[in-house]
Amino acid sequence: MSLPYNYIARKIIQFVIVFFAALTINFVLPRLIPGNPAALAFESILKNGGAGVNPSYLHQLEIEYGISHAPLYVQYFQYLINLFHGNLGISISFYPDPVSTILAGALPWTLFLVATSTIIGFFVGNILGRYAGINRNTSKDLFIDLFTMFLASFPAFVLGFIILDIFAVDLGLFPITGAYGITANPGFNLQFIISVLYHSILPVATIVLTSLGGWVLGMRNNMIPSLNNDFINFSEMLGLRKGQITRIAYRNAILPNLTGFAMSLGFSVSGVLLEEQIFSYPGVGLYMVSAIGSLDYPLIQGIFLMVIISVLIANFIVDLLYGILDPRTKQEGR
Amino acid sequence: MELLATQGISKIFTKRRGMFGETRTVALNDVNISINSKEIVGLVGASGSGKSTLARLLVFLYKPTSGKLLFEGNDITGYRSRQIRKYRQEVQMVFQDPYASLDPNHNVAWHVRRPLITSGYSGNIEERVDQVLEMVTLSPPEYFKNKYPHQLSGGQRQRVYLARALAVEPKILIADEPVSMLDVSVRIEILELISKLREELGISIIYITHDVNTVSLVTDRVYVMHSGMVVEHGNTDDVISNPTHKYTRELIEAAPNPYKRI
Amino acid sequence: MQNNKFDEADNKLKSTIFIRVKQLLSKLTSSNILMSNNKAKAGLILFLSFLSIGVVGGLISPYNPNGFLFGRNQPPSYSHLLGTTAYGQDVFSQLLSGAGPTLFVGLSVGLLATAVSITVGVFAGFSSERVSSIINGIINVFLVIPGILVIMLLGTFMLGANQSLGYFPMILILSVTGWAWGARTFRSQTLSIAKRDFILSSLLIGESRLSIVFRQIVRSIFPIIISNFFFTSIYGVMGLTFVEYLGIGNLLDVNWGTMLYWSINNEAYLTGLWWWILPPSIMISLLMFSFILLNFGIDEVSNPSLRKYSSVKRKKSAVDNKNA
Amino acid sequence: MKVFMVLLVALIMLTLGFASIFNTPQSDTSASSKAAVATSSSIPQGGTLYLSPGPTPAFVDNFNPFNIWTTPAGIMSLFYEPLFQINGLNGTVLPWLGTNYTWNANGTVLTVHLRQNVQFSNGMPFNSSDVVFTFNIEKQLYGEWSFLTKIYAPGQYTVNFVFQKPDLPFLLYIGSNFILPKPLWQNVSKPASSVVANPIGTGPFVLGNFSSQKIVLNRNPNYWQPNEPHLNHVVYIDYTSNSALTLALAAGQVEWASVFSPNITSTFVAKDPAHNHYFFPQGQPVTLLTNDLKYPLNNSFFRQAMSMAINRTQISVAGEYGFEKPSNAANILQQQLFMLNSTNAQLAKSLATYNVSAAKALLASHGFVYNTNTHRLDAPNGSQLPSMTLITVAGWTDWDADISIIANNLAQIGIKVNLVTPTYSQTAADISTGNFTLAQFVAAGSGPNPWYDYSGLVGNVTPVGQTANINQERWNSSGLGFMTAFTNFSSTPNVSQQANDTNKMVSVMLNQMPVIPLVYSATWYEYVNSSIGGFPNANNNFWFPVPWYPGPMEVVTLHLYSKPALLSQEIAAANLLHEEIAGAVIAIVVVVGGVLYTTVYKKKKKEE
């Protein structure tokens, strides 16, 4: 099970390059948004009769918000230096809280949703896709394909709202908002864990439903050639039972779908950020909207960075996993 | 007259391993070959002997690690893209696998027409296409022109490819195992066609193969290659009947006798 | 005389165009790519009907889609087939008028992003190893960054700054976030094709790289390009609804995305105005469904592995299928 | 987006505080030193108030009094207290930590007498050193009290504020500032950005328990007001979206909130009409900003005609769900209309009345003729009037709907309007730099009198391209007699003189219409009085009723009490318990189902 040094080295280099590219994009993008948060705040104060406010207050605000008029490259190096010290800056809209504190509270919820829904989606989708692949070109296959595809193409947020309305509001079976009940005390206790699981059911279910289509189709399309290949035909001739043959084909088909697993993480995160708003789930998706609304650069950057790092690390892990599972990487490395 | 020659050509492939390490494979080591006009030269060797590398080097698909390429007495080793393109009109290559060397999305006429267009052929292109197809005994040309590769047999495909290579009237044709993937019955036809083309068009041919039998059929001279080196060369009949190198003898002994077999 | 000459040339031109079109049509029908497959057939019919609604929808909509003309929150009736919104607009008219822009954005994103993917992907696959790996790195960056973040950021920037450009900024943003998947596919496909003998052969014949790319590589991966076009168009439609849902598009345009935005912001799901929120959702879903079906069909026809598959005859069957 | 709305309104309300300056007597006034909130000892002690000032992603464990607007806004006023509580609606002053105040003869020294026997929640005594320290550190930090030359304490319970020049208005700015305990803050180097997890102040509540979704406050047993607070606990609950908060209100999980919900009657009130209530006080007008430097908007008659062509009732009903009432044309608050003389009142009404023919006639009298063929307006020189672009903030759905109505309205008099909805920051930037033609925005200020309303509309005319913080419509008010009245108003305490100046200003304003007011902006306020009593309502709007506004929030909270019958029942908690049980059952079912499935699946596999 050892991996070639070559392969790991290449993956690490790739990781670092992508990481730096992401860092740079992260630096540039927020600065594209027009407007200056300090000026906005100052103007509102002034217009609304804040005659007692000294003009130097604007400068004061800028300093406090960490807005710099230094040349971009100086800001960029400052940004990198701060990052290496783990300093993501101070949030503007949640002043004076450090961005790292806010993210420490929000990111775990997002990661929890992403992990749960991706894993459940992957397994359920693969099981359905396997079933569809075995029964290819039958009405079962058609039904599974069409149904999951229809769900995948239904606007995700509308589905979220409809599910919320039916199960939480009308039937009252599930909570409307939050990641845990207000009587639960965060910590490692049974009530809290149950509460968290209970609150995550609707969001996770929605994300799983919308992501199922891709998994099912991918698995089905990998399963069919895998069932048709020579080795399987040969095994069939040797008189292996159907179940065994299916299992062999499944093992061959799941490998390409695993790459999809890594690549789809970015997509999954998008879906989760969206559903967080609908289910009022306190992850980074909620902060993202409010941060953009209030031009909170440090928070926007922090969110961006944390999400990208998470996705990158997940990708890296899946890459390594793939390397272990697929013997061919030992020779080719790709 | 010496048309194309190599002087001490070597080719070393380096492959990176990890961040700093690398492995070196010597594919060609100090190879000297030459070909005169209107001559068919054979390159014989087992797979891995470097004969295909040499062929690709001759058409600039690889660059030599050291040594010189001489064409009509000029050193062409340092040619750049424009010169290479011009040179390639003089030296064409036929591939081993006729199933892979034709674009499945284009018909026969396209394959023959394109080299004419890119080389700026001044005459009537369609007439020339017909002419070339006739030349490789694909007649009537009208019948074949609109066929797609998958509608042709292996032998026909190899003829189409020959037509494509010959359309620009090259001086040298490099045939890299042109018949090894064909049925035995078709092999002789293609080889006869190659010999005929030499007579009719007066071009030189480098015939690369691992099959000692076919070499003796068509070539004037032969180079025997082993582990990236030329181990023996001379007139084909001399080499075959009187091999001096141990490796050549092994090669000849290993070759199946077609008459014995069937 | 002069006129005749021109007419002749004109006629000749016309006839060549005519012949070309005829060839294309006959190719399409004879190749049966779309007709041999039931899924593709259903998808095509669905898509064509959407296309026709998109073209004429604005003209046949019974009322001004943006006018505050009627009573508020009226359920469906004979005069208002799909009821009215909380602002007193006719939902049916909005649905019809909104089809055009929705399709336009979706298909434009499909076209633009696919064009970018082809350029980047094929270029990366058909250039030196170093350039190829650099481009691959760039593609990976775009793949890894969750699109929603970029859409939000670029959306607040571009849509705010350049709204007079209509849907163009939106198409641009969605293309920026949507090209990488295609480029990745095209790159790997090109990499495998570029190694084949027939590409080498063309290089030896003296074809320029550009000519090889357009005459041979693009042609070889054409089914994948079409498939990618449909997927990117799906992304375009999804992206449109998504951008509008976030409220960073121009909310006063009528399209299915803005319809959802307004219905959701007026809590149509809570107050039982199903006729406001469901029709655009279902239309979007059906439109994307038609894309998926088309894609399905093309995939099944062009991807031999989804049919009977045998590795011995792999090359042959691949070739056969491309020309079937 | 709505966070900004809240912030904006918050800042506007801050002004309300300033504004009351002019209604307060200038000298020797001393408020009574009795307990601040008139309470009856018969009100029972106990109960819990659940509230949410507005949606926010999560609470942050920081109660730094330098950032009183951080979420959940309003909570600071339950920990920290000001010298005086000022009613933004009518200017009434309640003595709080200060018992009374006096001005010296020329109005440059303000003396405030402090309440004795007040303790901070950690037991430290409150005295003048805390007040002096608070103001001085804020002066250093923000340059905030730059109009004060000196703050000093002549005695342990007396503080003097020395002004640079007579600045009577700022009394109440000083009065509503939170006072911090000096011993705890004097060694903090960066007080504004330090994290305060354990807030210490003189307020009625102390922090009990914090989590990012819930903050529990406990009664301060040593609070200086007798019998106060009536409530044992105040619980802030986090809701992350408007709709979630609305649903929580409807379910009775929250009893006091400030949230916008378009269908409040069906989603909230209808669920329990006896106890679920809302009341939206009307604030300053939302305006259609015209760029007064641009042709043809540089003509006052043109602006007047546009005003008459706009159907404010339609905007109010269709765009604003009837929550925001049509505005008058004079750009002043609803409750100030009584100040107008009959001429002005008549004009303020007629210019804001939807009258297409009058608008057309007014334009025609100046040569702008409605062309019945093109349905566009032709300028006096015969050319067609170019179309105009109207911008407003994307995502502020009510305004986005409003501009659509305005465009329809203006089309009727032949003005073609293109609609664009940039982001908030872009809109604000475009308006301040003058790169706009028409915009829907709040331009006016607000306060108990028109002087404040107008303060945002006058000033130097900034050229297009340069940033203007006030007078963003770029109206040239000089030479019209407006500025004279404006200055006179601010320098006189005489009420009849003020009324006179007001009518002069209003008259100019109506004739000029530098901006076109549309509807009064509403402040969202919902409450559930099933278990908690004492909420302000439309009939008894005794104090500003929103939970996010720090000063008033405390006054209202001290008025709230738990209804006796429900004291022993913690209804909300009971509901939640129920929910937890349901959750546990479902979670168990899911887990057991999963385990069963996998075992069965494995078994099957083995059989194969």
Side-chain angles (χ1 to χ4, degrees), chain B residues 15-16 52 55-56 58-62 81-82 84-107 110-121 147-152 154 157 160-168 170 173-174 176 181, chain C residues 19 23-24 26-27 30-31 33 122 126-130 132-133 189-190 192-226 302-304 311-324:
Chain B
K15 201 174 184 190
R16 285 177 52 149
S52 281
R56 289 180 176 225
L58 290 176
V59 291
F60 282 95
L61 284 176
Y62 297 143
S81 56
R82 179 163 300 200
I84 290 173
R85 207 186 277 181
K86 210 161 183 200
Y87 163 77
R88 278 178 181 162
Q89 283 181 22
E90 312 283 353
V91 181
Q92 279 294 328
M93 188 165 164
V94 178
F95 292 92
Q96 178 178 17
D97 183 357
Y99 294 99
S101 59
L102 296 179
D103 190 334
N105 291 309
H106 293 284
N107 62 15
W110 183 89
H111 278 98
V112 186
R113 200 186 296 130
R114 284 307 301 173
L116 293 170
I117 293 170
T118 53
S119 67
Y121 183 74
K147 292 253 191 272
Y148 283 86
H150 71 275
Q151 296 164 308
L152 302 174
R157 291 189 198 203
V160 171
Y161 199 83
L162 270 174
R164 178 170 161 85
L166 294 172
V168 292
L173 187 68
I174 300 169
D176 187 359
M181 298 219 10
Chain C
I19 289 167
Q23 274 175 347
L24 198 75
S26 70
K27 221 174 184 178
S30 71
S31 65
I33 282 190
V122 173
F126 200 51
S127 52
S128 72
E129 205 176 319
R130 184 169 306 221
S132 179
S133 62
Q189 289 289 327
T190 308
S192 78
I193 288 174
K195 281 186 203 141
R196 302 227 186 123
D197 282 353
F198 64 84
I199 300 295
L200 276 184
S201 149
S202 290
L203 276 174
L204 290 184
I205 291 295
E207 293 271 13
S208 66
R209 287 183 167 258
L210 213 60
S211 158
I212 293 174
V213 164
F214 283 107
R215 292 205 165 81
Q216 297 186 281
I217 293 178
V218 169
R219 249 187 114 147
S220 301
I221 60 174
F222 197 67
I224 304 164
I225 291 177
I226 293 290
S302 66
N303 185 353
S311 68
V312 182
K313 290 180 180 170
R314 176 197 291 190
K315 277 175 192 153
K316 238 185 149 180
S317 66
V319 170
D320 286 350
N321 276 304
K322 261 168 204 151
N323 293 285

Inset, instruction - Select one option (side chain, backbone, both, neither) describing which atoms of B:S101 are under 4.5 Å from chain C's heavy atoms. - result: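 For B:S101, the contact with chain C is made by backbone and side chain together.
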
Legend entry - Per-residue contact mode, B:V168 against chain C (heavy atom under 4.5 angstrom):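 It is neither, since no heavy atom gets under 4.5 Å.
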
Measuring from atom [atom1] of [X] to atom [atom2] of [Y], what distance do you get when rounded to the nearest 0.5 angstrom?
| X | Y | atom1 | atom2 | answer |
| --- | --- | --- | --- | --- |
| C:I205 | B:R88 | CD1 | CZ | 10.5 Å |
| C:L203 | B:L61 | CG | CG | 7.0 Å |
| C:R196 | B:F95 | CZ | CZ | 14.0 Å |

Inset, instruction - Could you tell me which of B:K86, B:Q92, B:R164 has the largest number of non-hydrogen atom pairs under 4.5 Å with chain C? - result: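 Looking at each of B:K86, B:Q92, B:R164 in turn, B:R164 comes out on top.
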
Legend entry - Any residue meeting ring pair (Phe, Tyr, Trp, His ring centres under 6.0 Å) with C:F222, in chain and number order, not counting sequence neighbours: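 Partners of C:F222 by the ring pair (Phe, Tyr, Trp, His ring centres under 6.0 Å) criterion come out as none, since no residue qualifies.
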
Legend entry - Residues that B:Y87 engages under ring pair (Phe, Tyr, Trp, His ring centres under 6.0 Å), provided they are two or more places apart: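 Listed in chain order: B:F60, B:F71.
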
Legend entry - Verdict with supporting geometry, B:Y161 and C:D197, side-chain contact (heavy atoms from CB on, under 4.5 Å): CA-CA 11 Å; B:Y161 199 83; C:D197 282 353; over 6 Å; no

Inset, instruction - Return yes if some donor-acceptor pair links the side-chain N/O of B:H106 with the main-chain N/O of C:Q216 below 3.5 Å, else return no. - result: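 It does not hold such a pair.
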
Inset, instruction - For the residue pair C:R219 and B:P104, establish whether any side-chain heavy-atom pair is separated by less than 4.5 Å. - result: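 Side-chain contact under 4.5 Å: no.
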
Legend entry - C:S201 vs B:H111 side-chain heavy atoms within contact, under 4.5 Å: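 No, too far: nothing below the 4.5 Å cut-off.
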
Inset, instruction - Heavy-atom distances under 4.5 Å only: say whether C:S208 touches chain B with side chain, backbone, both or neither. - result: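 For C:S208, backbone and side chain are both near chain B.
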
Legend entry - chain B contact via C:I199 - which portion, at a heavy-atom distance below 4.5 Å: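 Contact with chain B is absent: no heavy atom of C:I199 under 4.5 Å.
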
Legend entry - Option from B:N105, B:D97, B:D103 for which side chain to side chain contact (heavy atoms under 4.5 Å, CB included) with C:F198 holds: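 Single side chain to side chain contact (heavy atoms under 4.5 Å, CB included) partner of C:F198 among B:N105, B:D97, B:D103: B:D103.
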
Legend entry - Derivation of the side-chain contact (heavy atoms from CB on, under 4.5 Å) call for B:R56 and C:L200: CA-CA 10 Å; B:R56 289 180 176 225; C:L200 276 184; 3.5 Å; yes

